[in-house]
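Nothing fancy with the numbering, it's 1 onward along the sequence. Given the structure is predicted, the values throughout are model-derived calculations rather than measurements.
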Amino acid sequence: MAERAIGIDVGGTKIAAGVIDRNGRILRRVERPTPTESRDEFLELLDEIVDDLRAEAAEAIGFGLPSTIDQRTGRVVGSVHVPLADFDFRDHAAARFSIPVALDNDGNAAAIAEWKIGAGRGASDMIMLTLGTGVGGGLILDGKPYRGWVGAGAEIGHMVLAYGGEPCTGRELVGAARDGNGEALEAVREIGRRLGAALGSLVNVFNPEVIVIGGGFSQARDLFLEPALETMKLEALPPGRDLVRVVPALLGPDAGLVGAGFVGFEAL
């Protein structure tokens, strides 16, 4: 049984990669800024990262991509922030590195990590939301990651709560709220209420044991979680609303990297 895999968490700003063991321990880690100007430049950097980490005797590679993926073919159908749309990524990587390769959406990868060794450990049905520049997430249903019939995963971040609404931003808003700006604080609480409406819908559809909240914006949960839970209780139906646990993620920024490594083990 292979004991080490390379996990590569691709973000629009940086690529976090490392070698993990089957317990999710990170044995070595590297980070590089994400090149987004051209596909060739992006793929060249991935080559350099993998060639460097393969010295640690890793036997598989997993990628977490900000992308919609057709798992039947390993093709990236659409991609956010990185130049991979309409590209046979798995075939390219398998040919380039000559060891088993698997890929998944980055939100799915983070959910897998929290399910295996984090806040959702032991749950058969878990939802994870990652709140950051955008909203992502993943599902664990009946004890396994849910990827849909084409393997693209569940695009939780693409739930529409306000049709035709404006794009969301968070960092400046949270800073102003913490500085005592009343309008900013109310805006953050309104984000919480909208999040709660989404949580209520997710509870009604999936009846999960646990919902894990992660991502950079989740650090402001002391400002938005109370109104989120209040709204969830209004929108969700019993018994799910009374049984579900909503908990913070435990793995922080490592979730994507570790989850990508676990995806790599799946390739074996």
Evaluate the side chain to side chain contact (heavy atoms under 4.5 Å, CB included) criterion for residues Phe63 and Val101: first the C-alpha distance (whole Å), next the side-chain angles of each, then the deciding distance (0.1 Å), finally the verdict.
-> CA-CA 8 Å; Phe63 292 90; Val101 172; 3.9 Å; yes
Mark yes or no for whether Asn105, through its side chain, and Gly107, through its backbone, hold a donor-acceptor pair below 3.5 Å.
-> yes
Shortest non-hydrogen separation from Gly138 to Asn108 and the atoms involved | CA-OD1, 3.5 Å
So which heavy atom on Ile61 is nearest to which on Ile8, and how close?
-> CG2-CD1, 4.3 Å
Can you check whether Asp142's main-chain N or O pairs, donor with acceptor, with Ser124's side chain at less than 3.5 Å?
-> no
Check side-chain contact (heavy atoms from CB on, under 4.5 Å) between Thr231 and all other residues, then give those that pass, not counting sequence neighbours.
-> Arg193, Ala197, Glu235
Is a side-chain donor or acceptor of Arg194 paired with a backbone partner of Ile191 at a separation under 3.5 angstrom?
-> no
In Å, rounded to the nearest 0.5 Å, how long is the span from CZ of Arg241 to CG of Leu229?
-> 13.5 Å
Are the side chain of Glu41 and the backbone of Pro35 linked by a donor-acceptor contact shorter than 3.5 Å?
-> no
Which atom pair, heavy atoms only, marks the closest approach of Leu53 to Ala17?
-> CD1-CB, 3.8 Å
Cluster overlap Leu131 with Val203, hydrophobic side-chain contacts below 4.5 Å = yes
Decide yes or no for Leu202 and Pro208: does some side-chain heavy atom of the first lie under 4.5 Å from some side-chain heavy atom of the second?
-> no
Correct closest heavy-atom pair for Ser98 and Ala95 would be OG-O, 3.9 Å
Check against side chain to side chain contact (heavy atoms under 4.5 Å, CB included), Val77 and Ile69 = CA-CA 6 Å; Val77 179; Ile69 300 160; over 6 Å; no
Mind checking what makes side chain to side chain donor-acceptor pair (under 3.5 Å) contact with Lys233, not counting sequence neighbours?
-> none
Taking Asp21 for its side chain and Arg4 for its backbone only, find out whether a donor-acceptor pair lies under 3.5 Å.
-> no
Closest heavy-atom pair and its distance - Ser79, Val82 | OG-CG2, 3.1 Å
Which value, rounded to the nearest 0.5 Å, describes the distance between Ile15 atom CD1 and Leu65 atom CG?
-> 9.5 Å
Interatomic distance, CG@Leu141 vs CD1@Ile127, rounded to 0.5 Å, equals 7.5 Å
Look at the side-chain heavy atoms of Ile, Leu, Val, Met, Phe, Trp and Tyr, link any pair under 4.5 Å apart, and say whether Leu237 and Leu234 land in one connected group.
-> no
If you round to the nearest 0.5 Å, how far is CD of Glu44 from CG of Asp47?
-> 7.5 Å
With rounding to the nearest 0.5 Å, note down the distance linking NZ in Lys116 to CZ in Arg121.
-> 10.0 Å
Who pairs with Ala220 by side-chain contact (heavy atoms from CB on, under 4.5 Å), at least two apart in sequence or on another chain?
-> Val174, Arg178, Leu223, Phe224
Enumerate donor-acceptor pairs with a distance under 3.5 Å from any side-chain N or O in residues 242-268 to protein atoms, sequence neighbours excluded.
residue: Asp254; atom: OD1; partner: Arg29; partner atom: NH1; Å: 2.7
residue: Glu266; atom: OE1; partner: Arg147; partner atom: NH1; Å: 3.3
residue: Glu266; atom: OE1; partner: Arg147; partner atom: NH2; Å: 3.2
residue: Glu266; atom: OE2; partner: Arg147; partner atom: NH2; Å: 3.2

Are Arg90 and Asp70 ion-paired here, with the side-chain N under 4.0 Å from a carboxylate O?
-> no
How far apart are the C-alpha atoms of Glu37 and Phe42, what are their side-chain angles, what is the distance that settles it, and do they pass the side chain to side chain contact (heavy atoms under 4.5 Å, CB included) test?
-> CA-CA 8 Å; Glu37 294 301 317; Phe42 177 84; over 6 Å; no
Shared hydrophobic cluster, Leu199 / Val212 (ILVMFWY, side-chain heavy atoms < 4.5 Å) = no
Taking the side chain as every heavy atom from C-beta outward, state whether Met126 and Ile211 have any pair of such atoms under 4.5 Å apart.
-> no
When clusters are formed by joining ILVMFWY residues with side-chain heavy atoms under 4.5 Å apart, either directly or through shared neighbours, do Val188 and Leu195 land in the same one?
-> yes
Residue set satisfying side chain to side chain donor-acceptor pair (under 3.5 Å) with Arg75, at least two apart, ordered chain then number -> Asp86, Asp88
Is a donor on one side and an acceptor on the other found under 3.5 Å between the side chain of Glu209 and the backbone of Asp125?
-> yes
Counting distance only, does the side-chain N/O of Trp115 pair as donor-acceptor with the main-chain N or O of Ala123 below 3.5 Å?
-> yes
Hydrophobic cluster membership, Ile49 vs Leu27, 4.5 Å side-chain cutoff = yes
What are the two closest heavy atoms between Met128 and Thr130, and how far apart are they?
-> CE-CG2, 3.6 Å
Hey, what do you get for CD1 (Ile112) to NZ (Lys144), rounding to the nearest 0.5 Å?
-> 13.0 Å
Could you walk me through whether Arg32 and Lys14 pass the side chain to side chain contact (heavy atoms under 4.5 Å, CB included) test, one step at a time?
-> CA-CA 6 Å; Arg32 299 285 189 274; Lys14 71 176 181 180; over 6 Å; no
Sequence neighbours excluded, the answer for side-chain contact (heavy atoms from CB on, under 4.5 Å) partners of Leu43 is Arg39, Leu46, Leu84, Phe87, Phe89, His92
Donor-acceptor pair, side chain of Arg28 and main chain of Ile20, under 3.5 angstrom = no
